[in-house]
Colleague: 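Sending over a structure as structure tokens; questions will come in a sec.
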Amino acid sequence: MPGTKLLPVCFLLLVLNLVLRCPAAAGDDHQFVYSGFSSSDDLILDGAASVTSSGLLELTNGTLRLKGHAIYPTQLRFRDDQAAPSGGAAVRSFSASFVFGILSAYPDVSANGIAFFVARSKDFSTAMAAQYLGLLNGSNNGNATNHIFAVELDTMQNSEFNDISDNHVGIDVNSLFSTNATNAGYYDDGDTTTGGGGFHSLTLISHEAMQAWVDYDGEAKRINVTLAPLNMGKPVRPLLSIPYDLSTVIPDMAYIGFSSSTGLVNSRHYVLGWSFAMDGPAPAIDIAKLPKLPREFQKPRSKVMEIILPIATAVLVLVVGTVLVLIRRRQLRYTELREDWEVEYGPHRFSYKDLFRATEGFKNKNLLGIGGFGEVYRGVLPVPKCEIAVKRVSHSSKQGMKEFVAEIVSIGRMQHPNLVQLLGYCRRKGELLLVYEYMPNGSLDKFLYSQESKATLNWVQRLGIIRGIASGLLYLHEEWEKVVVHRDIKASNVLLDGGMNGRLGDFGLAMLYDHSANPETSHVVGTIGYLAPELGRTSKATTLTDVFAFGIFVLEVLCGQKPITQDSEDNQVMLVDWVTEHWNKGSLAETIDAKLQGDYNVDEACVALQVGLLCSHPFPEARPSMRQVLQYLNGEISVPQLVPAHVSFQMLSLMHNEGFDSYIMSYPSSLESISSRLVQER
Ligand SMILES: *[C@@H]1O[C@H](CO)[C@@H](O)[C@H](O)[C@H]1NC(C)=O
Ligand SMILES: *[C@@H]1O[C@H](CO)[C@@H](O)[C@H](O)[C@H]1NC(C)=O
Ligand SMILES: *[C@@H]1O[C@H](CO)[C@@H](O)[C@H](O)[C@H]1NC(C)=O
Ligand SMILES: *[C@@H]1O[C@H](CO)[C@@H](O)[C@H](O)[C@H]1NC(C)=O
Ligand SMILES: *[C@@H]1O[C@H](CO)[C@@H](O)[C@H](O)[C@H]1NC(C)=O
């Protein structure tokens, strides 16, 4: 029969297995070896301890503040003399060997430790985790009634137990205050005549498996603890060799096992193999058969994390999102248009951020006025500290921008004491910001039409302003490298600097409309009352249309009256016609601003009035050039005699072009407005 042949083999295997793995009940020459573990091993496991499917004895599972124990199931007899009363006989020699590994969630962050123990009790329910290693608690630590001997492999330096370092091996007797301790490591076998080789430290938390031996010599009463990397074998020289009598510590019958705990750091503690022998060296562990340590620490997915993680993630996403939105908004707030070709204009380019700050975010309290092209704000640049006026011009068209900016930059190069200096520009989407020097006294019209008498300009100031503007205009027309037509000369475009000198502003701006305009349509730019009659027909601005507007301006300054006024019968009266009428009647003195109270030079007034009338002549050919105007005003040449029957402006304009007159009539309401500018498509 085949069965009878197999039976002895099976029996032999069974015996072998028993001898190797779990020799039965307590005996005198007790010994065992586990080269890897299996869930069928009847070890007593508590707390977080378990045997993994890969054969590792896992004492802690990565969760915080846990303890775990693995205890050999039967009590072992630690004293020879069974007849003698407890504590009477010496403790037998014993030897343990084990392979262990410590994994921390964070490399190099301490993770408590593992202890091999011999103890009277297998109940560790009242022991504490973390630094107590699951062995003792705060109230029984150090009490001789504990009857615990342990060898700790500790990765934390707990000052409360006078730990020497965060990587030490300690001998603990009833207490976590180690009797003796030393840093983890081993002595190589090297030259044994000099007592062994050099010391090599080992890092308990290195995530590498290593082997430990605990040997107690019952006769010599000496405890040896030895550590070594895996595969190296037991070094000859122990790491610790301490004379100590365990007779008062270990009782007759005691349990052996491992204890481990976690504190505030996620960590796992493993035992890979274990052997033990009474009265002799512990059998060798078959290193080749040992399970492998997990390479990486895998963080446990606890319930708490399952709840906290999504919330934390959501919060993080929200915070990051908000921050991004804020950053974006901040970016958008200061966004500018800046193109490669602008590089050459370097110093003329201002950053929007600087202008935004200079004007305190374009606050209303800094608003100086609203002109035809946009609002003007006062601002202060920090370095060098200077006042500026920032004009925001809305500009939707990208077309012609390059030419326009080039124009602005060339305007920026213009320098004349009677021009408001353009300092630079800044470009944003749909908006252009022009930066000018700041004129502390504001615009001339405020002085001319102010109700307050003290704000009134005297004769010298008025004549000075007229001469100044004439000189500025001459610069634009003839002295600058190319002819610049201002197109919008009027009292509100004349600004007064600190010395009450007239300065022409807004020059060159009309070009914006030219460059951005559809070439099919042309625009009349200017202000009603200052528009030369031929503009109604040709729409073409020339230096002579500027001279016309200048003539009206001169009369305005001399007479202190607006170019067009209403009379008592609600008819519109042109200032030119009114002055011409008095001229013809020879009652010129009546036209001079009554606010001067007759305090003026009659000859100068006469010349100036004549110049005003000559400049505002309906026929462009009859008007003088700005150079001539200055010569008249300076008395270098005399003003030519006006045609005696100087026909009324309105009559002439009617003759010139019917449409122009009706066009004036159709915008009566806008006359009073300071922004009574007209951009009319024809
Ligand atoms: C670890 O062990 C403790 C105690 O047994 C248990 O409550 C916990 O769920 C375990 N954690 C994991 C990740 O297995
Ligand atoms: C500490 O352990 C001892 C022995 O197990 C137990 O009697 C005691 O109640 C424990 N004390 C605390 C505070 O847990
Ligand atoms: C040690 O423990 C025993 C029993 O638990 C107790 O009676 C004794 O008071 C303790 N000694 C000290 C010093 O705490
Ligand atoms: C071990 O500890 C004892 C008592 O603290 C001490 O006297 C002895 O020198 C120590 N031995 C070693 C090797 O550290
Ligand atoms: C303990 O170590 C000492 C010193 O190396 C050695 O002489 C002794 O034999 C060792 N004892 C045991 C039980 O290994």
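Computed from heavy atoms alone, side chains included, the values below leave out hydrogens, waters and symmetry copies. Every value quoted in this text rests on a predicted model; they were computed, and no experiment measured them. Counting convention: from 1, in listed order, for ligands and their atoms alike.
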Colleague: Where does ligand 3 get N/O contacts under 3.5 Å from the protein, atom by atom?
Modeller:
unit_1	atom_1	unit_2	atom_2	d
ligand 3	2 (O)	Asn143	ND2	2.3
ligand 3	2 (O)	Thr145	OG1	3.3
ligand 3	11 (N)	Asn143	ND2	2.7
ligand 3	14 (O)	Asn143	ND2	3.4

Colleague: Show me which atoms of ligand 5 lie under 4.0 Å from any heavy atom of Pro238.
Modeller: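 By the 4.0 Å cutoff, the relevant atoms are 2 (O), 5 (O).
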Colleague: Give the contacting part of Thr126 toward ligand 2: side chain, backbone, both or neither, where contact means a heavy-atom distance below 4.0 Å.
Modeller: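 It is both backbone and side chain that touch ligand 2.
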Colleague: Counting from 1, what ligand 2 atoms have a heavy atom of Asn137 closer than 4.0 Å?
Modeller: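 Near Asn137, meaning under 4.0 Å from one of its heavy atoms, ligand 2 has 1 (C), 2 (O), 3 (C), 8 (C), 10 (C), 11 (N), 12 (C), 14 (O).
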Colleague: Can you find a heavy atom in the side chain of Asp163 that is under 4.5 Å from one in the side chain of His168?
Modeller: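 Contact flag for Asp163/His168 side chains = yes.
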Colleague: Do you know which of Phe117, Phe100, Trp274, Phe276 makes ring-ring contact (aromatic ring centres under 6.0 Å, His included) with Phe258?
Modeller: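 Filter result, single survivor: Trp274.
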Colleague: Residues two or more places apart in sequence or in another chain: which of them pass side chain to side chain donor-acceptor pair (under 3.5 Å) with Thr179?
Modeller: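 Listed in chain order: nothing, the list is empty.
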Colleague: When the ring planes of Tyr352 and Phe356 are compared, do they come out parallel, tilted or perpendicular, using 30° and 60° as the limits?
Modeller: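 Ring orientation of Tyr352 relative to Phe356: tilted.
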Colleague: So that I can tick it off, tell me whether Asp217 and Arg222 are bridged by a salt bridge, with the cut-off set at under 4.0 angstrom between side-chain N and carboxylate O.
Modeller: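 Judged by the 4.0 Å cut-off on N to carboxylate O distance, Arg222 and Asp217 do not form a salt bridge.
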Colleague: Measure the OG-CG distance between Ser110 and Leu264 for me, rounded to the nearest 0.5 Å.
Modeller: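 Spacing of OG (Ser110) from CG (Leu264) equals 12.0 Å.
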Colleague: Any nitrogen or oxygen of Asn224 lying under 3.5 Å from a nitrogen or oxygen in ligand 5? Just yes or no.
Modeller: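 Indeed, backbone or side chain, Asn224 has an N or O that close.
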Colleague: Going through the distances and angles, do Asn112 and Thr262 end up as a side-chain hydrogen bond (donor to acceptor under 3.5 Å, both in side chains)?
Modeller: CA-CA 6 Å; Asn112 298 111; Thr262 55; 6.0 Å; no
Colleague: Does Pro294 reach the side chain of Leu103, with side-chain heavy atoms less than 4.5 Å apart?
Modeller: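 Yes, at least one pair of side-chain atoms sits under 4.5 Å.
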